[in-house]
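Because only heavy atoms are used, hydrogens play no part in the values below, and waters and symmetry mates are left out as well, while side chains stay in. To find a chain, count down the sequence lines: A is the first, B the second, and so on, and within it residues start at 1.
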2 protein chains.
Amino acid sequence: MEVLGGRWKLAILKQLLGGTRRFSELQRALPRITQRMLTRQLREMEADGLLTRTVYREVPPRVEYALTEAGRSLDAIADQLDTWGRWYRDTYRAGAGGAEEGPGEKRPAGAAGAP
Amino acid sequence: MEVLGGRWKLAILKQLLGGTRRFSELQRALPRITQRMLTRQLREMEADGLLTRTVYREVPPRVEYALTEAGRSLDAIADQLDTWGRWYRDTYRAGAGGAEEGPGEKRPAGAAGAP
DNA sequence: CCGTATCCTAAAGGATACTG
DNA sequence: CAGTATCCTTTAGGATACGG
């Protein structure tokens, strides 16, 4: 949780799972993050070894971010968190009525009776 | 991440995956959490629909916590996070040398080339 | 036994302006 | 384009003491 715990890290991870992205591309994909936060979360993830940052000294400058092996190894988890999150939101926030009888229908795959 | 994001929630979840627990049992299992934090995280998880809180008005009082379906549905994810966390720690913090050539050996199951 | 109440620090997150 | 620099608010987390 220390490594994934940022407000935006999962979203960034998801973007980078789609391939290398440059700073401005990430900004466009995540319209509500501020420049400062994007920079900070990216630097933290770099420090944690989840991604690499490559600076191309051109004009205009270009910086590319790509996942490391460690970052890519979070693929499955990120995916499951994403799926669970959607299920949870749809089940508990959906029709305001929400979980009147507990989650029973479209449960995330494999999480039914547990083990 | 909003739902799982507490410092202790994953640990609490893990305990409750083992069955119903009372307050003092959780405290003993998580020696470094303060009473206040345990109470708070439990109440948040209850509000999020992850667990139920049952009060038995006896002397001395007894309060039992149990996961809901939603809580139990996090089983697989909690497990994977746990596994990844250990792998990450062992790989990146282990011999101080750490990830000299990127994670290559005991990668968490199924997260290799990524499907 | 199972909490509340108080008080406090630190970390996270953000708005806004400026820059190599 | 891809950041820094400031300044500020909010939330998380914790230590300690007290109570039904």
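Between the CE atom of A:M1 and the C1' atom of D:dG13 there is a distance of 15 Å, given to the nearest Å. A straight line from CG of A:L38 to P of D:dC1 spans 14 Å, rounded to a whole angstrom. The separation between B:E64 atom CD and C:dC1 atom P is 14 Å, rounded to whole Å. Rounded to a whole Å, the CD atom of B:E2 is 14 Å from the C1' atom of D:dA12. Atom CD in A:Q35 sits roughly 10 Å away from atom P in D:dT4 (whole-Å rounding). Regarding B:R40, its CZ atom lies at a distance of 13 Å from the C1' atom of C:dC7, rounded to whole Å. In this structure, the CD atom of B:E44 is 8 Å from the P atom of D:dG13, given to the nearest Å. The separation between B:L42 atom CG and C:dC2 atom P is 11 Å, rounded to whole Å.
Side-chain contact between A:W87 and B:S73: present, with at least one pair of heavy atoms (C-beta onward) separated by less than 4.5 Å. Under the 4.5 Å side-chain criterion, counting only non-hydrogen atoms from C-beta, B:Q15 is not in contact with B:E25.
Taking 4.0 angstrom as the limit, A:R28 places none of its side-chain polar atoms (N or O) nearer than this to OP1 or OP2 of D:dA2.
Cation-pi check for B:R62 over B:Y56 is met; the charged atom lies under 6.0 angstrom from the ring centroid and within 45 degrees of its normal.
Look at A:E64 and A:R53 and you find no salt bridge, because none of the NZ, NE, NH1 or NH2 atoms lies under 4.0 Å from a carboxylate O.
Using a 4.0 Å heavy-atom cutoff across all strands shown, A:Y65 reaches sugar-phosphate atoms only and no base atom. Across all strands, A:R32 comes closer than 4.0 Å to no nucleic acid atom at all (heavy-atom distances). B:Q41 comes within contact range of the sugar-phosphate backbone alone, with a heavy-atom separation under 4.0 Å but no base atom that close. B:R57 comes within 4.0 angstrom of nothing in the nucleic acid, heavy atoms only. If you check every strand for non-hydrogen atoms under 4.0 Å, A:R36 touches a base.
Residues A:A29 and A:P31 share a closest heavy-atom pair of O-CD, 3.3 Å.
Closest to the side chain of A:S24, from the set C:dC2, D:dG14, D:dA2, is D:dA2. Distance from the side chain of A:T34 is smallest for C:dG14 among the nucleotides C:dC2, C:dG14, D:dG13. Here the nucleotide nearest the side chain of B:M37, chosen from C:dC2, D:dA2, D:dG13, is D:dG13. Counting only heavy atoms from C-beta on, A:R43 has its side chain closest to D:dT4 among D:dT4, C:dG20, C:dC2.
A distance-only check finds no donor-acceptor pair linking the side chain of A:R21 to the backbone of A:L26 [under 3.5 Å].
Comparing B:P61 and A:P61 by the nucleotide of DNA chain C that holds the closest heavy atom to each, the one mapping nearer the 5' end is B:P61.
A donor N or O paired with an acceptor N or O is not found under 3.5 Å between the base of C:dG13 and the side-chain atoms of A:R7. No hydrogens or angles were tested; on distance alone, nothing pairs the side chain of A:Q27 with the base of D:dA2 as donor and acceptor under 3.5 Å.
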